Structure formats: structure tokens, C-alpha cells
Trainee: 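Supplied in C-alpha cells, the structure appears directly below.
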Amino acid sequence: MNKIIFGLLIGFCLFSGSNVDNARARELTAENAEAVNQALTQNSAGGSYADDGYFEDDYFEDDYSFEENSSKDTFLVWNKFWHGVNDYALIRIAKPLHQNYSKITTKGIRGGIENFRNNLKTPHRMLNAALQGEFAQMFIDLGRFIINTTTSLGFADVAGREKTLYPYTPDNLRFGYTLAAWGIPEGPYFVIPFYGPSTVREAIGTGVDAFSNVQDYFLEWYIYMPAETYLLFNKIDEIYMPYETLTKNAIDPYIAIKNAYLENLAYKAPKVSKPQKTLSQTAQ
Amino acid sequence: MIKNILSFVLALTLGISTAFADPGTPKQRVEDGSARIFNLLLQEEFQNPETKPQVLKQIEAELMGFFDFEEFSTRTVGPKWRQFTQDQKKRFIEAFTELLRNSYVNTLNSYSGETLAYVGEVRSKDGTKVEVHTLFKGQEKDYPVSFRMLIKNDQWVVYDVIIEGISMIKNYREQFKDFLVKADPEELILRIKEKASEKKETEAK
């Protein structure tokens, strides 16, 4: 019986793997880009003019006052140590393991397993959506969970084939983003052991998110710990490939990764529109 | 005689048109530039190991015109650039160009028909700088890529590439800034040269 179920699962993976996932990811980025562009081009049809200071950060004539914050490294010694350990674990251990793993699995299987992992994360995404007041996202997530679980136990992203009416941004449904949306600053750069770059706020977010894994409450730790590690390992190529691109040509890999992480975090940060802020301030 | 006049007029118009060349729009520049490079990459000659070096040379010529490596260099070093001697500046640009060249050669080899789609742009208030937003349509995922451009020699050239919010210039500047606190320009040039040759060796293996 178990064999049949396992066979079915593998079948699902092969059948519906990563292609669906890709199509969805493609749409999502396109939507995001559209949204960003709309925001940027509100003023005129052919593009817009930047705010003061938008291009300032590339003026080499400038002094460096604008970069002071990003250069502060409160936990420098800790960070550098764990950066070294994580680098070793990722490039010397995880990468060769994954390269062998890629030989015995297909892209479809890995994509299917990644879909399964994403489906498992539904409770924590819904929780964060609720905490952010993003109720539309919450219901989209619930809908996706029901569709994907009933059709394929989560191995296929069937729901992703349909474009949602409301833009669905699963990457933002994490506790670090929720805290950011509440106006909590990101805090200093902080490298999490065996995990990777983070900031104090994002590290707290990652910790809180770990508690919202429902399966952890009814499975034994020796089952869910290795299982979750495996699910993470399954797509580790998506981490080490850009990581290597960044570090291979860097004269200081630690700073290259730190800067890239912080810049990307700022890029993905909740866009707080200024007029709204002043409105709520006057209301208080 | 008429022939002479004609050729003179022709030469004059050609001269004028190059002297007052219309820089076009940044959008055109990005679209034309990327299309030309992608076309070269798709050529059969690029797959053939014998003719590949020639195509690579053409691609490099395109890239050199599209990206401004001098701007890259001055902006990554920042204010300390003024402390560099003329000779150091020249050698820095050479070394840094070599380092960047190594990083994109690998990317070129893994090209498989991806395209670049124009999304929009933002201009600085005086209009001298433009950030062109595009979407790089990858095999599995799309990546938002922005090009910061300015006019140089009557042409729009790229002086920074921003991928998913990560500015290439800023990333190197952070590294160089930290390095230059402890070391002088000469050591930085040496370090970049080392890195560039180290990269080459690993690729040759």
C-alpha cells in the first residue's frame, strides 16, 4: 500500500513538477514589475522623474554619509565567523551533495517537492497575511491550499495556473515582513548559524515563522527535523548558484554577500507611501 | 568635378551626422544593444568552438560600447579616485574591466534564448541620468534588471546594473571602501588583478 502511495506521489511530481511553478513565478514577477512601473510612471506616460536623492547614491563626488547605516556592523566578529562556517557548509558540503542529488532526480521531481514544501507553509503565510491586514492574500492562500491539496497533496501547483484577481505575493508573507510593515526597523546585519544572512528583525521573523509549522506540533522532532532539512536541501541550488556568482568575483565575499542581502531586503521592503503616513499621523 | 563636389557633400553630411549624432532614447539603446548581443549569442558560429573566439570578440565590442567601464571604475572607487595617479587610474580600469569580463563570459556561455523586456524608466530631474527598468526573462524565473545610464560621446551608456535591487557598483564600492581603509590604491589594483587571474585559472581547469 505504501509503495502505491509513494509511486503515485512520484508520478504527480513527474507529471506536474516545476513547469507549473515556473509559469506562476513568471506571472508574479511580471505583475510586480508592472506594479512598480505603474507606481513609477504615475506622473507621465513615458516614464517619470525621480525624487530628490534617487540618483544621488551613485555620485562619486558625494561624501559617504548616506552609506553610514549600511556599513555599521554591530556583530562583525560573530558575523564573519558564521559567514565562514556557512560558506563552508554551503559550498563544500551542500553543493557537491546536491550535484549528486540532481543526477538521481529530475527537475520535475525537485519542483514537485518544492511545491509540497510551499503548500506546507500555508498556515504561516495565512497567519502573516492576517497580521499584515492582507485578508485578500489570506483567502487566496486558503484557496490555493484547498485546490493544491485536494488535487495533488500539494505536489503540483494547480492553483498557480490561474491568475488571481488580487496580486498574490507569497514572498512577503513572512514574519520579518510583517514586522517591517508594522514599522519596525531592520536592525543590524546578523548572520544566522547554518542558515545565512539576516538582520536582527528578519532573524526574529525567521524564528517566529518556525513556530507556525503546524506539522511540528503533531510529529516527533526526529521526524520533522530531518524532513524539513531535506525539503530545504531539495532546492539548495537556488541558493548556492547566485551565491557563487556574487562571491566568485568579489575581492571581499563577506561584504559582497552582506551588501547584496541588505540591498535586496530594502528592495523587497514594504512600500510605505508618504501621504498615508502623514494622514495617520495627523489623525493621532 | 561634380563627382568631387558630390563626395565632398557626402563626406560633410556624414561628418555632421556623426558629430551631432542623436543619442536616441535610453529605451532604444537598451533594446537595440541587448538584441544585437542576443543575436550574436544565438548564431551557430558561437556554438562552434573554431569560430567562437571571433563571435566573442564581436560580442565584447558590443558590450564595451554598451557599458562604460571607466564610469564603472570611478564610481566603484568613489571619492578616493582623486587620490589615484593617472597611471594608477589607467591600470585600475584595465584590471577591473578584466575582472568584470571574466564574470560575464560565464554568463554568455550559459545563454539559451532569454530576452530582455522593457518595463519603464525613471529620469533624474535634469534629465542627464536615466534608470531603465527591464525584466530578464529567464528559463525558470524572471529577474528585474535595471540599467542606470548617462550620455557620453553622444550615446547612452550604462554605468550601473541593478539586479533585484542589488547594484553592482554599490556592491563593489562597499568592498573597495573597506579595502582602501587599510590599503593603498596600488594594493587594490594588485588584489583585483589577482582575483581576475585566479578566476581564469579555475575556469581553465
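All values reported here derive from a predicted model rather than from experimental measurement. So that the names make sense, note that chain A is the first sequence line, chain B the second, and so on, each numbered from 1.
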Trainee: Quick one: CZ on Arg191(B) to CG on Asp252(A), what's the gap to the nearest 0.5 Å?
Mentor: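 Answer for the CZ-CG pair, Arg191(B) versus Asp252(A), is 8.0 Å.
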Trainee: Nearest heavy-atom pair of Lys248(A) and Lys195(B): which atoms, and what distance?
Mentor: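 In terms of heavy atoms, the two residues are closest at O-CE, 2.9 Å.
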Trainee: Could you pull out all donor-acceptor pairs under 3.5 Å where a side-chain atom in residues 47-59 of chain B meets a protein atom, sequence neighbours excluded?
Mentor:
| unit_1 | atom_1 | unit_2 | atom_2 | d |
| --- | --- | --- | --- | --- |
| Asn48(B) | OD1 | Glu50(B) | N | 3.0 |
| Thr51(B) | OG1 | Glu45(B) | O | 2.8 |
| Lys52(B) | NZ | Asn109(B) | OD1 | 2.8 |

Trainee: Nearest 0.5 Å please: distance from the OG atom of Ser146(B) over to the OH atom of Tyr267(A).
Mentor: 6.5 Å
Trainee: Kindly determine whether Asn171(B) and Ile255(A) satisfy side chain to side chain contact (heavy atoms under 4.5 Å, CB included), including the steps that lead there.
Mentor: CA-CA 8 Å; Asn171(B) 197 279; Ile255(A) 293 183; over 6 Å; no
Trainee: Can you confirm whether more than 12 heavy atoms, excluding those of Met241(A), are under 6.0 Å from its CE atom?
Mentor: no
Trainee: Mind checking what makes side-chain hydrogen bond (donor to acceptor under 3.5 Å, both in side chains) contact with Lys27(B), not counting sequence neighbours?
Mentor: none
Trainee: Of the non-hydrogen atoms in Ala256(A) and Gln175(B), which two are nearest, and what is the gap between them?
Mentor: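 What the structure gives for the nearest pair is CB-NE2, 3.3 Å.
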Trainee: Quick one: CG on Asn264(A) to CD1 on Ile162(B), what's the gap to the nearest 0.5 Å?
Mentor: 12.5 Å
Trainee: Above 12 or not: heavy atoms from other molecules or residues under 6.0 Å from CZ of Phe75(A)?
Mentor: yes
Trainee: Could you have a look at Ala117(B), Gly127(B), Gly165(B) and say which one has the most heavy-atom pairs with chain A under 4.5 angstrom?
Mentor: Gly165(B)
Trainee: Apply side chain to side chain contact (heavy atoms under 4.5 Å, CB included) to Tyr172(B) and Asn249(A), showing your working.
Mentor: CA-CA 10 Å; Tyr172(B) 274 111; Asn249(A) 298 298; 3.4 Å; yes
Trainee: So with a 6.0 Å cut-off around CG of Asn153(B), is the heavy-atom count from everything else above 12?
Mentor: no
Trainee: Are any of the side-chain heavy atoms of Ile251(A) and Leu188(B) separated by less than 4.5 Å?
Mentor: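 Yes, at least one pair of side-chain atoms sits under 4.5 Å.
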Trainee: Could you have a look at Ile163(B), Val130(B), Ile192(B), Thr134(B) and say which one has the most heavy-atom pairs with chain A under 4.5 angstrom?
Mentor: Val130(B)
Trainee: Name the region of Leu246(A), side chain, backbone, both or neither, that has any atom closer than 4.5 Å to a heavy atom of chain B.
Mentor: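 Only the side chain of Leu246(A) comes within 4.5 Å of chain B.
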Trainee: What are the two closest heavy atoms between Asn259(A) and Glu174(B), and how far apart are they?
Mentor: ND2-CG, 3.4 Å
Trainee: Given heavy-atom pairs under 4.5 angstrom as the criterion, report whether the side chain, backbone, both or neither of Ala266(A) touches chain B.
Mentor: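 Interface part for Ala266(A): neither.
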